[in-house]
Colleague: 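Questions regarding the structure given below will be posed in turn.
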Amino acid sequence: MEPEVSTYPIGEPGGRARLDTPALLLDLEALDRNIARMAAHCRRTGQALRPHAKTHKSVEVARRQIAAGAVGQCCATLGEAEVLGRAGIPGVLVTSPVVGPRRAARLAALNETTQGLMAVADDRGAVAALASVVTGKPLSLLVDVDVGTRRTGVPSAQAAVALARQIAETPGLIFAGIQGYAGHLQHIYDYAERARAAAAVSEQLAHVCAVLAGDGLSPPLVTGGGTGTHDFDHRHGVLGELQAGSYALMDVDYGKVALTADGQPGPFEPALFVATTVVSAASDEFAIIDAGLKALATDGPMPLFARGAPEGAVYSFAGDEHGRVHYAAGNPARLKVGDIVELHPPHCDPTVNLYDTYHAMRGDVLEAVWPVDARGRR
């Protein structure tokens, strides 16, 4: 159980160092700058922005993004969409196919009560199942196109036409466009290599659009792209909408991705941190902190120390609840029990999913405690 909000040092100077750890910290100033920068980018490119809520899973972050100009939110799961939709967030797009009778009924029920809900499909049977539960407000569906991620999506333009025609001709359904999400490109570190791969995806999507248009099914919306490809997703005139998500929080792995052509630092900065406490300093070679496998994502590079660790120190996992702070050779500085050390997580999305709450920080002051509203919602 998380502590009662009334027990947090909200508004008190130095509250950052007085939290129970491990604690998920959200730097509000960095968050708002990231949100503003991506919104400004999309205004310049003429793209709509529908950020991916699988990154933050937060109603409050979604509201900030929409206030800055986003048209809605992408959700990886129906459960995420239900949380945001019921909180009044408009323009929710469920980016993974919704399959099964109970889930289809949930989607139809959500569609009745939310504004601008959309979902994707890549299977004729799944489309028919969704149509069978729609009894009132029509449901908008996009055809999901596989652009190389090899996860979901129809494999060809011809398959896209067949599915789009089925949607368009089925009572209760609206053909709303196509999705072509290139998740496999977002973490290619080299800018030029990533740009070439994104150009090939745009060419594929342009072909699908042309074939659809030739059959009288010109897609009203083409959505995809992400943080890693945001700088060139607009260049080919195909993607009218950007699904970037990680830009709001950032992480160690995205820190390795060259987001600018000239090698300069990218426009987005770390806004997500994990605060930890030194629980053992018995060794002269390392200290032990209270953040291990259950506090940090494990599907990326090692976490990096953001604050509090001696210069040159590196992290390693030491079990479910613990991590090691390995001291650098030649640096005599040592940590002591009770010291606070902050980490920049390897991968933001699955790190957020490990916590019930954000500690929304402004400098060293805890401004608010926000729930991770959609945590664990499938």
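For this chain, numbers begin at 1 and follow the sequence in order.
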Colleague: Checking the side chain of Thr77 only, and the main-chain atoms of Arg377 only, is there a donor and an acceptor separated by less than 3.5 Å?
Modeller: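 Yes, because the side chain of Thr77 sits within donor-acceptor range (under 3.5 Å) of the backbone of Arg377.
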Colleague: Taking the six-membered ring for Trp and the full ring for Phe, Tyr or His, determine whether the centres of Tyr189 and Tyr191 are under 6.0 Å apart.
Modeller: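 That pair fails the under 6.0 Å test.
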Colleague: Could you tell me whether a side-chain N or O of Arg375 sits under 3.5 Å from a main-chain N or O of Leu354, the two making a donor and an acceptor?
Modeller: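 Yes; judged by distance alone, with no hydrogens or angles, the pair exists.
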Colleague: Measure across Gln243 and Gly225 and return the closest heavy-atom pair with its distance rounded to 0.1 Å.
Modeller: CB-O, 3.7 Å
Colleague: Suppose we screen for side-chain hydrogen bond (donor to acceptor under 3.5 Å, both in side chains). Which residues come up paired with Tyr358, at least two apart in sequence or across chains?
Modeller: none
Colleague: Is it the case that the side chain of Ser58 and the backbone of Val61 share a donor-acceptor pair, with hydrogens and angles ignored and the cut-off at 3.5 Å?
Modeller: yes
Colleague: Is there a donor-acceptor pair closer than 3.5 Å between any side-chain N or O of His326 and the backbone N or O of Ala313?
Modeller: no
Colleague: Just how far is it from atom OG1 of Thr351 to atom CG of Leu249, taken to the nearest 0.5 Å?
Modeller: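 If I round to the nearest 0.5 Å, the distance is 10.0 Å.
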Colleague: Mind checking the CG-OG spacing from Asn111 to Ser140? Nearest 0.5 Å is all I need.
Modeller: 7.0 Å
Colleague: Give me each pair satisfying salt bridge (charged side-chain N to carboxylate O under 4.0 Å, His left out) with a member in residues 50-77, each pair once, sequence neighbours excluded.
Modeller: Asp32-Arg64, Arg50-Glu241, Lys54-Asp349, Lys57-Glu80, Glu60-Arg64
Colleague: Does anything in residues 145-154 form a side chain to side chain donor-acceptor pair (under 3.5 Å)? List the pairs, not counting sequence neighbours.
Modeller: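 Applying side chain to side chain donor-acceptor pair (under 3.5 Å) to every pair that reaches into residues 145-154, excluding sequence neighbours, yields Asp144-Thr152, Thr149-His184.
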Colleague: Would you mind writing out the side-chain donor-acceptor pairs for residues 273-281 within the sub-3.5 Å range, not counting sequence neighbours?
Modeller:
{"from": "Thr276", "atom 1": "OG1", "to": "Val341", "atom 2": "O", "distance (Å)": "2.8"}
{"from": "Thr277", "atom 1": "OG1", "to": "Thr21", "atom 2": "OG1", "distance (Å)": "2.6"}

Colleague: Applying salt bridge (charged side-chain N to carboxylate O under 4.0 Å, His left out) as the test, list every pair that has at least one member in residues 94-116; sequence neighbours left out.
Modeller: Glu82-Arg106
Colleague: Between Asp215 and Leu217 (side chain of the first, backbone of the second, donor and acceptor by atom type, cut-off under 3.5 Å), is there such a pair?
Modeller: no
Colleague: Looking only at heavy atoms, what is the nearest atom pair of Pro345 and Asp251, with distance?
Modeller: O-CB, 3.3 Å
Colleague: With rounding to the nearest 0.5 Å, note down the distance linking NZ in Lys137 to CD1 in Ile174.
Modeller: 9.0 Å
Colleague: Between Ala104 and Leu130, what is the shortest heavy-atom contact and its length?
Modeller: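 Closest approach of Ala104 to Leu130, heavy atoms only: CB-CD2, 3.8 Å.
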Colleague: Determine which pairs satisfy salt bridge (charged side-chain N to carboxylate O under 4.0 Å, His left out) with at least one residue from residues 166-193, sequence neighbours left out, and list them in order.
Modeller: Arg165-Glu169
Colleague: Return the set of residues passing side-chain hydrogen bond (donor to acceptor under 3.5 Å, both in side chains) with Thr114 (not counting sequence neighbours), or none when no residue passes.
Modeller: none
Colleague: Walk me through whether Asp253 and Lys256 qualify under salt bridge (charged side-chain N to carboxylate O under 4.0 Å, His left out).
Modeller: CA-CA 5 Å; Asp253 199 48; Lys256 296 175 178 288; over 6 Å; no
Colleague: Assess the pair Tyr247 and Tyr254: is the distance between their ring centroids shorter than 6.0 Å?
Modeller: no
Colleague: Roughly how far apart are Ile66 CD1 and Gln73 CD, rounded to 0.5 Å?
Modeller: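 Taking CD1 in Ile66 and CD in Gln73, the distance rounds to 5.0 Å.
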Colleague: Quick one: list whatever passes side chain to side chain contact (heavy atoms under 4.5 Å, CB included) with Ala128, sequence neighbours left out.
Modeller: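 Scan of Ala128 (side chain to side chain contact (heavy atoms under 4.5 Å, CB included), adjacent residues dropped) gives Gln166.
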Colleague: Closer than 3.5 angstrom, by distance alone: can the side chain of His41 be matched with the main-chain N or O of Met38 as a donor-acceptor pair?
Modeller: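 No, the answer is negative, given that no donor and acceptor are paired below the 3.5 Å cut-off.
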Colleague: For Arg362, enumerate each residue passing the side-chain hydrogen bond (donor to acceptor under 3.5 Å, both in side chains) test, keeping only those at least two apart in sequence or located in another chain.
Modeller: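 Once residues adjacent in sequence are excluded, the partners of Arg362 under the side-chain hydrogen bond (donor to acceptor under 3.5 Å, both in side chains) criterion are Glu367.
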Colleague: Looking only at heavy atoms, what is the nearest atom pair of Val365 and Pro13, with distance?
Modeller: CG2-CA, 4.1 Å
Colleague: Ignoring hydrogens, what is the shortest heavy-atom contact between Leu242 and Gly226? Give both atom names and the distance.
Modeller: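 In this case the closest contact between Leu242 and Gly226 is CD1-N, 3.6 Å.
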Colleague: Kindly write out the residues that satisfy side-chain hydrogen bond (donor to acceptor under 3.5 Å, both in side chains) with Tyr327, not counting sequence neighbours, or none if the list is empty.
Modeller: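 If we apply the side-chain hydrogen bond (donor to acceptor under 3.5 Å, both in side chains) test to Tyr327, skipping adjacent residues, there are no hits.
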Colleague: If I compare all heavy atoms of Leu296 with all of Pro303, which pair ends up nearest, and what's the gap?
Modeller: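 Distance-wise, the nearest heavy atoms are CD1-CG, 3.8 Å.
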Colleague: Taking only residues at least two apart or on different chains, which pairs with a member in residues 262-274 satisfy side chain to side chain donor-acceptor pair (under 3.5 Å)?
Modeller: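 Sorted pair list: Arg33-Glu269, Arg37-Glu269, Thr260-Asp262.
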Colleague: Which salt bridge (charged side-chain N to carboxylate O under 4.0 Å, His left out) pairs, counting each pair once, include a residue from residues 291-312, with sequence neighbours left out?
Modeller: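 Found Lys294-Asp320, Lys294-Glu321, Arg307-Glu342.
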Colleague: With side-chain hydrogen bond (donor to acceptor under 3.5 Å, both in side chains) as the test, would you mind laying out the steps for Thr95 and Gln179 before giving the verdict?
Modeller: CA-CA 8 Å; Thr95 60; Gln179 172 181 268; 4.7 Å; no
Colleague: Please check if the number of heavy atoms outside Glu29 that lie under 6.0 Å from its CD is greater than 12.
Modeller: yes
